[in-house]
Amino acid sequence: MAATAVRCLPMVAVVFSLLLAGAAGAQLSSRFYDRKCPKLQSIVRSAMAQAVATEPRMGASILRLFFHDCFVNGCDASILLDDTATFTGEKNAGPNANSVRGYDVIDAIKAQVEAACSAIVSCADIVALAARDSVNLLGGPTWTVQLGRRDALSASQSAANANLPGPGSSLATLIATFGDKGLSPRDMTALSGAHTIGQARCVTFRDRVYNDTNIDDTFAALRQETCPLQSGGEGDGALAPMDVSTPDAFDNAYYENLASGQGLFHSDQELYSGGSQDVLVRVYRRNAGIFATDFAKAMVRMGNLVPSADTPTEIRLDCKKIN
């Protein structure tokens with residue numbers, strides 16, 4: 001891998017306060033809590049700094065939690081709800097079970113926020129802020145988070161199973177799935193760069209490292225060392241870094257990996273496999289600043305996904321259950 005092609009993202013803030021047109025965007029404001037809970041952002045930042053210092057992987061986990069929340073009926077903290085007698089929630093949906101992490105970190109932040117300003121801040125906004133801080137604490141960009149989200153009163157396992165793209169997705173499926181959320185192919189390719197941090201279970205990339213042909217042979221052999229061909233055993237849960245070169249740094253190395261045939265998921269490598277996103281991957285590979293800018297813009301756009309206007313909501317006191 002050409003070391004000169006990968007540069008750490010600039011630490012200068014990449015600030016965006018973009019709002020999507022329409023009623024959903026109009027509900028959110030970067031200054032929503034300035035008077036009602038002025039210490040909110042410092043509370044979240046401090047808690048995330050401690051969490052990431054303890055375990056860098058937690059930054060990736062919180063970022064993924066935010067994505068998995070927003071893609072299912074909007075950014076409404078529905079993913080945080082435990083199952084009840086009246087609904088089966090999202091925690092045990094296929095893409096989330098034994099996979100999504102960080103619930104305890106969000107619960108701890110919520111407790112601190114409640115102590116500072118009770119019944120004011122939604123769990124959905126805490127997740128949005130924590131995701132932004134996770135990226136920045138690991139060396140990535142920052143952006144202005146629009147606030148004022150509310151928390152759902154229900155959750156849907158079936159919606160989670162239907163709306164979250166899997167690691168075996170084709171490029172066409174990725175473009176369509178993100179497009180359904182109002183996100184462009186460029187947004188999709190930028191947001192996929194989140195895979196520059198974190199780890200994945202063998203069960204999610206086994207088929208790629210044993211069966212795909214557009215994979216670097218040495219990389220495939222490396223991943224096979226800890227991911228056995230036979231499924232169903234303890235090996236299913238064996239972890240591997242999603243970015244083979246700098247797994248705990250939010251940088252543009254992910255795109256260098258794709259150019260070298262070292263995307264961990266089939267869906268990763270689909271971005272650089274003779275298709276429509278090849279050119280953009282090469283741009284991000286060469287220019288960390290463009291990637292940082294596009295990633296921040298796309299995160300703002302994804303964060304503006306909100307539930308439909310007729311969805312019942314509240315400000316939860318405990319993120320795991322409705323009031």
**Student:** Short question: side chain of Asn323, backbone of Leu317 - any donor-acceptor pair under 3.5 Å?
**Tutor:**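 Side chain of Asn323 to backbone of Leu317: a pair is present.
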**Student:** May I ask you to check whether over 12 heavy atoms, not counting those of Glu314, lie within 6.0 Å of atom CD?
**Tutor:**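 Yes, CD of Glu314 has more than 12 neighbouring heavy atoms, counting only those of other groups under 6.0 Å.
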**Student:** Check whether Asp187 reaches the backbone of Ser184 with its side chain - one donor and one acceptor, N or O, closer than 3.5 Å.
**Tutor:**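 Checked: pair present.
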**Student:** Donor-acceptor pair, distance only, cut-off 3.5 Å: does the side chain of Asp34 make one with the backbone of Pro38?
**Tutor:**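 Such a contact is absent between Asp34 side chain and Pro38 backbone.
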**Student:** Please determine if Arg201 and Asp236 form a salt bridge, counting it only when a charged side-chain N lies under 4.0 Å from a carboxylate O.
**Tutor:**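 No, no charged N to carboxylate O under 4.0 Å.
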**Student:** With side chain to side chain contact (heavy atoms under 4.5 Å, CB included) as the test, pick out the partner of Asp69 among Asn96, Leu80, Ile79.
**Tutor:**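 Single pass found, and it is Ile79.
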**Student:** Keeping Tyr103 on the side-chain end and Lys320 on the backbone end, is there a donor-acceptor pair under 3.5 Å?
**Tutor:**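 Checking the backbone N and O of Lys320 against the side chain of Tyr103, no donor-acceptor pair under 3.5 Å is found.
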**Student:** Would you check if the distance from the ring center of Phe295 to the ring center of Phe250 is below 6.0 Å?
**Tutor:**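 Ring centres of Phe250 and Phe295 closer than 6.0 Å.
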**Student:** With a cut-off of 6.0 Å (strictly less than), are more than 12 heavy atoms of other residues, nucleotides or ligands near CG of Asn98?
**Tutor:**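 No, not enclosed.
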**Student:** In the structure I gave you, are the side-chain heavy atoms of Thr196 and Asn252 within less than 4.5 Å of one another anywhere?
**Tutor:**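 Side chain of Thr196 against side chain of Asn252, heavy atoms only: no contact under 4.5 Å found.
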**Student:** Where is the tightest heavy-atom contact between Pro241 and Pro247, given as atom of each residue plus distance?
**Tutor:**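 Heavy atoms only, the tightest pair is CB-CB, 3.6 Å.
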**Student:** Just say parallel, tilted or perpendicular for the rings of Phe67 and Phe178, cut-offs at 30° and 60°.
**Tutor:**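 Ring orientation of Phe67 relative to Phe178: parallel.
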**Student:** For the pair Asp243 (side chain) and Ile197 (backbone), establish whether a donor and an acceptor sit closer than 3.5 Å, ignoring hydrogens and angles.
**Tutor:**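 Looks like no, no N/O pair under 3.5 Å.
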**Student:** Using distance alone, with no hydrogens and no angle criterion, decide if Arg285 and Asn257 have a side-chain donor and acceptor under 3.5 Å apart.
**Tutor:**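 No donor-acceptor contact under 3.5 Å links the two side chains.
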**Student:** Please check if the side chain of Arg150 supplies one atom and the backbone of Pro307 the other of a donor-acceptor pair under 3.5 Å.
**Tutor:**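 Side chain of Arg150 to backbone of Pro307: no pair is present.
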**Student:** Going through the checks in order, is the side-chain contact (heavy atoms from CB on, under 4.5 Å) test met by Val72 and Glu90?
**Tutor:** CA-CA 9 Å; Val72 183; Glu90 299 164 28; 3.7 Å; yes
**Student:** Please say which of Leu65, Leu63, Asp151 ends up in a side chain to side chain contact (heavy atoms under 4.5 Å, CB included) with Val127.
**Tutor:**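 Only one of Leu65, Leu63, Asp151 forms a side chain to side chain contact (heavy atoms under 4.5 Å, CB included) with Val127, namely Leu65.
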**Student:** Would you say the side-chain atoms of Gln157 and Thr88 include a donor-acceptor pair closer than 3.5 Å?
**Tutor:**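 Distance-only check fails for Gln157 and Thr88.
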**Student:** Would you check if the side chain of Asp212 reaches a backbone N or O of Ile215 as a donor-acceptor pair within less than 3.5 Å?
**Tutor:**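 Absent.
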**Student:** Is Arg149 close to Leu147 at the side-chain level, that is, under 4.5 Å between some pair of heavy atoms?
**Tutor:**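 A side-chain contact exists here, since the closest heavy-atom pair is under 4.5 Å.
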**Student:** Taking atom CG as the centre, does Asp217 end up with more than 12 heavy-atom neighbours from other residues, nucleotides or ligands that are less than 6.0 angstrom away?
**Tutor:**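 Check fails, neighbour count at 12 or below.
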